[in-house]
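Presented below is the structure to which this report refers.
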Amino acid sequence: MAVKDQIRTFILNNYLFTDDKASLKDEQSFLDSGIIDSIGVMEIVLYLETEFDIKVADADISPENLDSVNQITQFIDLKRDSLEV
Amino acid sequence: MHQSKSLTQFLEYQAAIRPGIVALEDKNSCLTFAEWFHQAESFAGFLAQQGIAPQSRVLIYLSNACCQGPLIFGALMAQCVFVVVSPDTKGRKLTEIVENCEPAALICDLLSAPKLSELAESTALLICTEDIGSIGTTKVTHLEQALLQSIPDDAIAQRPAPDSHLAALVYTSGSSGTPKGVAHTMASMRFSGVTISQYLELDQDSRIFSHLPLAFDYGLYQLLFSAITGAYLYIADGFTFPSTVADCLVEKHISVFPSVPTAMLVLSPLWAREFPLLKTITSTGENLPLATIKQLSQACPHAKVYKMYGLTECKRVSYLPPEKLLSKPESVGKAMKGTNTLLLDESLQPVKIGEPGKLYIQGPHLMQGYWRDPALTAQRLIKSPFNQQLMLDSGDYFTMDEERDLFFVGRGDAEFKIRGMRAHPAEIERCAQAYPGVEACAAIKVNSSVAGQEIVLLVQGGNDIDLRQLQLFCKKNMESHLVPRKIQRAETLPYTSNGKLDRRQLLSWLE
């Protein structure tokens, strides 16, 4: 499964309690739609670290990196690229 | 001196001596003390003009925002009883609260206006943050009109409400699963507000940041502190990313940070930064773990950290003076000045030092009772065998050391804290049981690595119950902190010989 699909599935399953992909757009802001609270953010960080084998620094935990499916996907790509260098 | 002023007179005083100073701020707006006071006056005048009688309930169903300041104080000036309900409260619970308190006026936003107009009596006054004119045949007042209209001087009774008048109902979770309204008087709220702000050493130079819901008394009192002491209050509507909290603490020169242990755990990345202006950190709701205490003392060596304990029925019971924090990190300290705590055994006799006993509380901070529930009130507020005055049964067990410092042992019933807020598993179970096919269910709290603790629901019923759908149903009907993070099937649930859920055995199942 592509990274983006994995992220979307995780959010749908754990915060929207559904399999219906139409209920979450890739660019939809979690903050604006009130999907995720502060504990949800920490759960996402934990998930990213275990599932994608990346290290999320405290400074990375920001809306710029983690506020939508698209942003999280880009963030993982970025993290993985920096690992390869 | 302080104890002679009423809550509304405190605000009047601040508006007179420092009118142009910003008192309240949220992400969209701010209010000076003068604006806060005048808007409150306007709202009180509006309520009076509309024929809302003293002691009528005014229900505020809004997200955290500055406008709650004038609404709450305006309701008090009109001698009404304010009821702040979190907009996260929904379904049957919201219906039950509205039915129980029978509000004469409701204030809500655009989104919830149709729902509330359906729930409320047709005679109730509906006020909306947006100008929507009407819903069906119900006329809806625009909030701006209620807060900003000028009122003739003689139109409102600006005399402060008598001490014995009710000031607020704070709804909490009950063992029957239905919400109960804790009724506080003008006097009990003033006593707690003044006493707490004194021991926290709050004054007009204090700058408070609060992410706590105003529907939660811990959040509500931050607003009272501002009126009482002249402190600045930044009202955040919760938080999602720790970095936004950190930025706000720095930008707004925050010196006082009240929070709950779960939030502090989530905020731990914050403490890598420096906050030299932060002088006071307060914690209540749950036990503050030693690891967090150490982290806070390292990150903010100049800050005083207050560990506190309380329950809505008397607001605050005790606090641990910051200088004792490292020597007695497990204690919640001793009773506030002017109040008394007793540890008693089953026959209401004092226990020996070091032995566990149930905690009873006496003082001017006790609630008047549960709204319209004399039976439950009589269970929790009983006459002391020693001085015949009322004492509150906390339901919690403690030990006390030679210095009278309290140490929490456990609770007598199944009630628990989740994210610092009180919840009774019966509330979650009753809600889930309304889902078709659920025969019985049990909500239990388990440890989790991220949130500290989370709720798991065990369900007994047909195999055709779609657990995902059930979780969705819970999400639609419960406040978000109560929604079970996991739902599991159970063949049968364990019961005691009395036919009650055997919660102890349930916990051992999950281990």
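These numbers come from a predicted model, not from an experiment. Note on naming: letters A, B, ... go to the chains in the order of the sequence lines (proteins, then strands), and numbering restarts at 1 for each one.
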query: Can A:F17 and B:V483 be said to form a side-chain contact (heavy atoms from CB on, under 4.5 Å), step by step?
result: CA-CA 11 Å; A:F17 308 126; B:V483 177; 4.0 Å; yes

field: For B:L220, all residues meeting side chain to side chain contact (heavy atoms under 4.5 Å, CB included), sequence neighbours excluded
entry: B:I72, B:F82, B:M189

- line: If one checks every heavy atom of B:V245 against chain A at 4.5 Å, the contacting part turns out to be neither

- request: Report the residues that fulfil side chain to side chain contact (heavy atoms under 4.5 Å, CB included) with A:A59, sequence neighbours left out, ordered by chain and then residue number.
  value: none

query: Which bit of A:L31 is near chain B, if near means a heavy-atom gap under 4.5 Å: side chain, backbone, both or neither?
result: side chain

Proximity breakdown for A:L46 and chain B, heavy-atom pairs closer than 4.5 Å: side chain

- prompt: Can you list the residues that meet the side chain to side chain contact (heavy atoms under 4.5 Å, CB included) rule with A:D5, with sequence neighbours excluded?
  reply: A:M1, A:A2, A:R8

field: Greater than 12 external heavy atoms within 6.0 Å of B:L111's CG
entry: no

Step through the atoms of chain A and chain B and list each donor-acceptor pair whose separation is under 3.5 Å.
unit_1 : atom_1 : unit_2 : atom_2 : d
A:N13  : OD1    : B:R468 : NH1    : 3.2
A:N14  : O      : B:R485 : NH1    : 3.3
A:Y15  : O      : B:K475 : NZ     : 3.1
A:D19  : OD1    : B:R468 : NH1    : 3.2
A:D37  : OD2    : B:R419 : NH1    : 2.5
A:E43  : OE1    : B:R485 : NH2    : 2.7
A:E43  : OE2    : B:R485 : NE     : 3.3
A:E43  : OE2    : B:R485 : NH2    : 3.1

